Amino acid sequence: MKSQSYQEKIIQTAKMIKELKPASVLTGAGISVESGVPPFRGQDGIWEKFDPVEYAHINVFRRNPHKVWNILLREIKNTLDKACPNTAHKALAEMESSGFIKTIITQNIDGLHQAAGSKDVIEFHGNFATLHCVKCKMPYMMKEISIKKIPPLCACGGILRPDCVFFGEMIPPESLYRSRQIASKTRLMIVIGTSATVQPAASIPLIAKKNGAKIIDINPQRTIITETVSDIFINGMAGTVMADLLKAIAR
Ligand code: OAD
C-alpha cells in the first residue's frame with residue numbers, strides 16, 4: 001500500500017475528527033516542548049539530567065525533602081513560572097469549544113491546557129500549581145510561595161509538597177477511573193507528544209483501541225504505539241500539526 005503524505009494524513013485525520021467527534025485526547029511532555037518545557041526522556045530530557053530514582057521518588061522526598069526541592073522541584077518551578085501555552089494547547093482549547101474534542105487526559109503537571117482555555121482536563125499525574133502541607137494538609141498555591149528558603153514550610157512548620165504524583169505514588173483514583181471510562185467509550189483518540197512508556201497512562205490508548213476507537217499519534221519521533229496501536233502517525237511537532245489540523249477541520 002502506498003504510504004500517505006503528511007498533507008494526506010492531515011486531511012484524513014480532520015475528516016475523522018468531524019465524523020467521530022468528540023474525540024478524546026492524551027497528551028504528554030512533548031506538547032509543552034514548544035512552550036520551553038523540556039521532556040523527560042531523550043535529548044535535553046529532565047531524566048537525562050536527574051536520575052528519577054534519586055530525585056523523583058516519594059521515599060526520597062520523605063527522607064530528604066531539601067534535596068528534592070533544591071534540585072528537581074526548584075528547576076521545575078523556575079521553568080513553569082515562565083511557560084505559556086503554545087499553538088497546540090490553544091488549538092485543543094479551540095477544538096473543545098467548537099465540540100470537536102471533549103476531554104484531554106494529560107500526563108503533564110504544567111497547567112498549560114487550562115491556561116490555554118481547555119475546560120475538561122484530567123491531570124493524570126496531578127499538578128504543580130497547588131501544594132499542600134504534609135503535616136496539616138493545608139493547601140497552598142505554587143505562585144504564592146517563595147522558594148528562597150528550601151524546603152518551603154507551612155504556617156504550622158510542616159513541609160510543603162506539590163500536588164503532583166511522585167514515583168512510588170498512586171495515580172489519583174478519580175483520574176484513573178475517569179480516564180479508563182473515557183478510553184473505553186471514545187470513538188477517536190488523539191495522542192500527542194508522549195513516549196507512551198509510563199504505566200498506567202500508556203495503557204489508555206490501548207484500552208481505546210481494544211474498544212474499537214481509531215488512534216491518531218502526533219509526534220516528531222516514532223514511539224512504541226506508532227502504527228502498532230495507532231492508525232495514523234503524523235510525524236511532526238505538536239504546534240505545527242495541530243495548527244494544520246485546525247485549518248483542515250475549518251475547510
Ligand atoms: P517523554 O519525555 O517520555 O516523551 C516525550 C515525547 O514527546 C517523546 O516521544 C518525544 O518524541 C515527543 N516530542 C518532543 N518534542 C515534541 C513536540 N514539539 N511535539 C510533539 N511531541 C514532541 O514524556 P511523557 O511521555 O509525557 O511522569 O512521559 C510520561 C511520564 O514520564 C511523565 O508524565 C512523567 C515521566 O516520568 C511522572 O513524573 C509521574
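Order of listing sets the numbers, starting from 1, for every ligand and every atom in it. Quick caveat: nothing in here was measured; it's all calculated off a predicted structure.
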Engineer: With a 4.0 Å heavy-atom cut-off (strictly under), which part of Phe124 contacts ligand 1: side chain, backbone, both or neither?
Structural biologist: neither
Engineer: According to salt bridge (Lys or Arg N to Asp or Glu O under 4.0 Å), who are the partners of Lys21, at least two apart in sequence or on a separate chain?
Structural biologist: none
Engineer: Specify the protein heavy atom at minimum distance from atom 15 (N) of ligand 1: its residue, its atom name, and the distance to 0.1 Å.
Structural biologist: Val33 CG2, 3.7 Å
Engineer: Does at least one non-hydrogen atom of Pro220 fall below 4.0 angstrom from an atom of ligand 1?
Structural biologist: yes
Engineer: Could you say whether the N/O atoms of Thr223 and ligand 1 ever approach to under 3.5 Å?
Structural biologist: no
Engineer: Taking 4.0 angstrom as the limit and counting only heavy atoms of Phe167, give me the atoms of ligand 1 inside it, by number and element.
Structural biologist: 36 (O)
Engineer: Looking at Thr194, which atoms of ligand 1 are within less than 4.0 Å of one of its heavy atoms?
Structural biologist: 6 (C), 9 (O), 24 (P), 25 (O)
Engineer: Is there a nitrogen or oxygen of Ala238 sitting under 3.5 Å from a nitrogen or oxygen of ligand 1?
Structural biologist: yes
Engineer: With backbone taken as N, CA, C and O and side chain as the heavy atoms from C-beta onward, which portion of His125 lies under 4.0 Å from ligand 1: side chain, backbone, both, or neither?
Structural biologist: side chain
Engineer: Please confirm whether Phe166 approaches ligand 1 to less than 4.0 Å, judged on its heavy atoms.
Structural biologist: no
Engineer: State whether the shortest distance between N or O atoms of Phe40 and N or O atoms of ligand 1 falls below 3.5 angstrom.
Structural biologist: yes
Engineer: Looking only at non-hydrogen atoms, find the nearest pair between Ile150 and Asn70 and report the distance.
Structural biologist: CG2-N, 3.9 Å
Engineer: Ligand 1 and Thr197, any nitrogen or oxygen pair closer than 3.5 angstrom?
Structural biologist: no
Engineer: At less than 4.0 angstrom from any non-hydrogen atom of Gln221, what atoms of ligand 1 do you find?
Structural biologist: 11 (O)
Engineer: What about Ser195: any of its N or O atoms under 3.5 Å from an N or O on ligand 1?
Structural biologist: yes
Engineer: Show, in sequence, the C-alpha distance, side-chain angles and deciding distance for Glu54 and Val60, and conclude whether the side chain to side chain contact (heavy atoms under 4.5 Å, CB included) test is met.
Structural biologist: CA-CA 7 Å; Glu54 271 291 307; Val60 182; 5.9 Å; no
Engineer: Is there a side-chain contact between Met142 and Pro162 (heavy atoms, below 4.5 Å)?
Structural biologist: yes
Engineer: If the cut-off is 4.0 Å to any non-hydrogen atom of Val165, which atoms of ligand 1 fall inside it?
Structural biologist: 39 (C)
Engineer: Using a 4.5 Å cut-off on heavy atoms from C-beta on, say whether the side chain of Arg74 contacts that of Trp69.
Structural biologist: no
Engineer: Tell me whether the guanidinium CZ or amine NZ of Lys67 lies under 6.0 angstrom from the six-membered ring centre of Tyr55 and within 45° of its axis.
Structural biologist: yes
Engineer: Tell me which protein heavy atom sits closest to atom 5 (C) of ligand 1, plus the residue, atom name and distance to 0.1 Å.
Structural biologist: Gly193 O, 3.7 Å
Engineer: Can you tell me which residue and heavy atom of the protein come closest to atom 17 (C) of ligand 1, and the distance to 0.1 Å?
Structural biologist: Gly30 O, 3.2 Å
Engineer: So which heavy atom in the protein is nearest atom 29 (C) of ligand 1, and how far is it from that ligand atom?
Structural biologist: Gln107 OE1, 3.2 Å
Engineer: Going by salt bridge (charged side-chain N to carboxylate O under 4.0 Å, His left out), name the pairs with one or both residues in residues 114-140, residues two or more places apart or in two chains.
Structural biologist: Lys102-Asp120, Asp120-Arg178
Engineer: Mark up the atoms of ligand 1 that fall under 4.0 Å of a heavy atom belonging to Gly28, in ascending order.
Structural biologist: 26 (O)
Engineer: Check for me, please, whether Ile215 and Val198 land in the same ILVMFWY cluster - side-chain distances under 4.5 Å, paths through other members count.
Structural biologist: no
Engineer: In ligand 1, which numbered atoms sit nearer than 4.0 Å to a non-hydrogen atom of Asn219?
Structural biologist: 8 (C), 9 (O), 10 (C), 11 (O), 12 (C)
Engineer: Met95, Val25: one ILVMFWY side-chain cluster at the under-4.5 Å cut-off?
Structural biologist: yes
Engineer: Using the rule that two of Ile, Leu, Val, Met, Phe, Trp, Tyr join whenever any of their side-chain heavy atoms come within less than 4.5 Å, decide whether Ile182 and Val229 are in one cluster.
Structural biologist: yes
Engineer: Begin with the C-alpha distance, continue with both residues' side-chain angles, and end with the deciding distance and a verdict on side-chain hydrogen bond (donor to acceptor under 3.5 Å, both in side chains) for Ser175 and His125.
Structural biologist: CA-CA 9 Å; Ser175 303; His125 290 155; over 6 Å; no
Engineer: Looking only at protein heavy atoms, which one is nearest to atom 28 (O) of ligand 1, and how far off is it?
Structural biologist: Arg41 NH1, 3.2 Å
Engineer: Can you pull out the closest protein heavy atom to atom 26 (O) of ligand 1? Residue, atom name and distance to 0.1 Å, please.
Structural biologist: Ala29 N, 2.8 Å
Engineer: At a 4.0 Å threshold, what atoms of ligand 1 neighbour a non-hydrogen atom of Glu34?
Structural biologist: 17 (C), 18 (N), 19 (N)
Engineer: Trp47 vs Phe167 aromatic rings, parallel, tilted or perpendicular, using cut-offs 30° and 60°?
Structural biologist: perpendicular
Engineer: What is the nearest protein non-hydrogen atom to atom 36 (O) of ligand 1, stated with its residue, atom name and distance?
Structural biologist: Trp47 NE1, 3.0 Å
Engineer: Could you say whether the N/O atoms of Ile218 and ligand 1 ever approach to under 3.5 Å?
Structural biologist: no
Engineer: Step by step, work out the side chain to side chain contact (heavy atoms under 4.5 Å, CB included) result for Met170 and Leu176.
Structural biologist: CA-CA 9 Å; Met170 304 267 292; Leu176 185 59; over 6 Å; no
Engineer: Going by the order shown, which atoms of ligand 1 are within less than 4.0 Å of some heavy atom of Pro39?
Structural biologist: 2 (O)
Engineer: Are Leu26 and Ile218 connected in a single hydrophobic cluster, I mean Ile/Leu/Val/Met/Phe/Trp/Tyr linked by side-chain heavy atoms less than 4.5 Å apart?
Structural biologist: no
Engineer: Determine whether Lys209 and Asp231 make a side-chain contact, defined as any pair of heavy atoms from C-beta on separated by less than 4.5 Å.
Structural biologist: yes
Engineer: For atom 30 (C) of ligand 1, what's the nearest protein heavy atom and its distance?
Structural biologist: Val198 CG2, 3.7 Å
